[in-house]
Amino acid sequence: MSESGPQIPPDSELVERVRRGDTAAFDLLVARHMRRAFSIAYRLLGHREDAEDLAQDAFLAALERIDTFQPGRGFGPWIARIVVNRGLNARKARALRRTEAIPDDVPAPSTLPDRAAEQAELRARCRAALHALPEQQRIITELFELEGFTGAEIAEILEIPAGTVRWQLHEARKALRGALALYTTKPS
Amino acid sequence: MTRHFENDPERDPNLAALLRAAEPDAAAAMNWEHLGARISRHAELPLARRRRERRNRTHGVLALAAAACLAAVIAIQPSASSLKTSDPVLGLAAEQELDRLISGRAEAEALLQAALEGPERTGSRVGS
């Protein structure tokens with residue numbers, strides 16, 4: 001009787017198999033990284049369908065360029081970099097077409113009216129504080145605090161020095177804590 | 001790489017919770033299977049192209065290797081290229097004799113003799 005379950009192939013092995021055209025390996029890579037790719041895309045675009053399209057485009061672009069992937073590096077930061085680059089381009093293109101609006105297309109969980117009002121206010125304040133940050137600081141903060149990337153990985157994703165990442169993160173946190181002092185001292 | 005990890009600040013769960021609250025949780029309403037299937041469907045063609053290219057490359061290498069082997073055999077066996085049509089072995093390849101050999105009408109001894117003596121004297125002997 002074997003003591004462990006089925007072997008989970010590392011990303012590097014899956015990438016090698018994808019290079020040979022292995023569909024199952026590609027599906028595994030997608031399943032493993034799709035959620036984070038979508039999450040980053042959604043934070044950049046603020047719209048679910050656009051985020052789905054962006055995640056899909058990013059994986060197909062990754063497949064197209066899979067031969068340039070360096071096996072020693074992580075696939076997660078690599079696909080995140082593609083999502084961020086394409087997402088920023090999409091934002092710029094969209095900004096030219098219309099003024100930015102972030103629709104709440106996902107229904108909020110049902111809550112009591114006063115609780116709902118409180119949450120709406122909190123959401124509005126947080127959003128305002130987040131969007132008041134310079135774009136790079138906001139992306140760094142989201143990648144670090146919400147997506148769980150390390151400073152080194154963020155440096156790789158955004159193609160900037162790790163020291164810059166740490167400094168920008170420090171500045172962003174300072175600004176956010178200042179803007180949300182009421183909530184950070186008294187968590188809801 | 002480790003140095004960067006050490007230099008990372010502590011995660012701030014309180015701040016993270018506030019940031020999560022800033023946007024609706026789109027992931028909760030997502031149908032991941034649907035998105036995964038959609039991506040896989042679009043990837044089918046490029047993946048098939050990769051498989052075909054790989055197959056073609058393999059076949060190309062095999063054909064090249066076969067050609068190289070053939071060239072090597074010819075190069076190290078000069079006698080093979082210097083065969084003349086009057087040689088006994090080629091003489092046997094004359095259409096009539098080959099026909100007799102295949103049909104079994106020629107006697108084995110006569111054929112052997114014909115091969116040894118050459119094409120000039122084979123016709124009547126094999127036929128007899």
Side-chain angles (χ1 to χ4, degrees), chain A residues 18-23 26-27 30-31 34-35 38-39 42-43 46-48 51-52 55-56 59-60 63-64 66 102 104-108 119 122-131 141-142 144-146 148 150-153 155 162-163 165-166 169-170 173 176-177 180 183-184 187-188, chain B residues 1-70:
Chain A
V18 169
R19 283 178 178 155
R20 300 196 296 260
D22 187 329
T23 306
F26 182 75
D27 290 349
V30 169
M34 169 177 58
R35 286 160 201 260
F38 170 81
S39 184
Y42 184 76
R43 288 182 205 293
H47 189 274
R48 201 176 68 189
E52 284 185 28
Q56 177 187 307
F59 277 106
L60 296 178
L63 174 58
E64 200 177 308
I66 199 81
I102 301 171
D104 286 349
D105 58 343
V106 178
Q119 282 191 338
L122 174 63
R123 177 180 290 184
R125 277 179 173 271
C126 291
R127 188 184 297 165
L130 199 55
H131 286 269
T141 307
E142 288 175 340
F144 185 81
E145 302 287 2
L146 301 178
T150 65
E153 287 172 331
V165 171
R166 285 194 298 276
L169 185 60
H170 170 77
R173 283 175 149 192
L176 286 172
R177 282 174 182 145
L180 303 169
Y183 302 98
T184 52
S188 55
Chain B
M1 188 69 96
T2 312
R3 189 166 52 85
H4 295 310
F5 278 96
E6 285 170 1
N7 288 342
D8 278 351
E10 290 286 314
R11 311 262 165 197
D12 185 341
N14 196 22
L15 186 61
L18 284 170
L19 294 178
R20 278 199 185 89
E23 306 288 352
D25 188 8
M30 274 296 293
N31 183 340
W32 298 112
E33 269 184 35
H34 177 261
L35 179 60
R38 191 176 126 183
I39 296 171
S40 298
R41 205 168 48 245
H42 281 87
E44 271 172 15
L45 200 61
L47 284 166
R49 202 176 296 130
R50 282 185 170 274
R51 285 195 295 274
R52 195 186 59 221
E53 280 167 8
R54 189 178 166 77
R55 228 175 10 242
N56 289 348
R57 266 204 305 273
T58 310
H59 287 173
V61 168
L62 285 177
L64 206 62
C69 284
L70 196 61

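Computed from a prediction, not measured in an experiment: that's the story for all the values here.
Minimum heavy-atom separation, P9(B) to F144(A): O-CZ, 3.3 Å. When all heavy atoms of L15(B) and R173(A) are compared, the closest pair comes out as CD2-CG, 3.9 Å.
Taking CZ of R19(A) as the start and CD of E53(B) as the end, the distance is 14.0 Å to the nearest 0.5 Å. Separation of atoms CZ (R20(A)) and CZ (R50(B)) is listed at 11.5 Å; rounding is to 0.5 Å. Note that the CG atom of L146(A) and the CZ atom of R11(B) stand 10.0 Å from one another [nearest 0.5 Å]. Note that CZ of R38(B) is 11.5 Å distant from CE of M34(A), once rounded to the nearest 0.5 Å. Rounded to the nearest 0.5 angstrom, L63(A) CG and I39(B) CD1 are separated by 11.0 Å.
Side-chain contact check for L176(A) versus L19(B): some heavy-atom pair is nearer than 4.5 Å. Side-chain atoms of L18(B) and L122(A), non-hydrogen and from C-beta on, do get closer than 4.5 Å to each other. Between D22(A) and L47(B) the shortest side-chain heavy-atom distance does not fall below 4.5 Å.
With a threshold of 4.5 angstrom between heavy atoms, R54(B) approaches chain A through side-chain atoms but not through N, CA, C or O. Contact annotation for E142(A): neither backbone nor side-chain heavy atoms come within less than 4.5 Å of a heavy atom of chain B. Looking at V165(A), there are no atoms closer than 4.5 Å to chain B (heavy atoms on both sides), in backbone or side chain.
Under the rule for a side-chain contact (heavy atoms from CB on, under 4.5 Å), the partners of S39(A) that lie at least two apart in sequence or sit in another chain are R43(A), E147(A). Listed by chain and residue number, W32(B) satisfy the side-chain contact (heavy atoms from CB on, under 4.5 Å) test with R35(A) (two or more places apart in sequence, or in another chain).
In terms of modelled atom types and a separation under 3.5 Å, the side chain of D8(B) and the main chain of G151(A) share a donor-acceptor contact. Counting only distance, with no hydrogens or angles, the side chain of Q56(A) and the backbone of L35(B) share no donor-acceptor pair below 3.5 Å.
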### Task
Show your working on side chain to side chain contact (heavy atoms under 4.5 Å, CB included) between M30(B) and R48(A) and close with a plain yes or no.
CA-CA 9 Å; M30(B) 274 296 293; R48(A) 201 176 68 189; 3.9 Å; yes

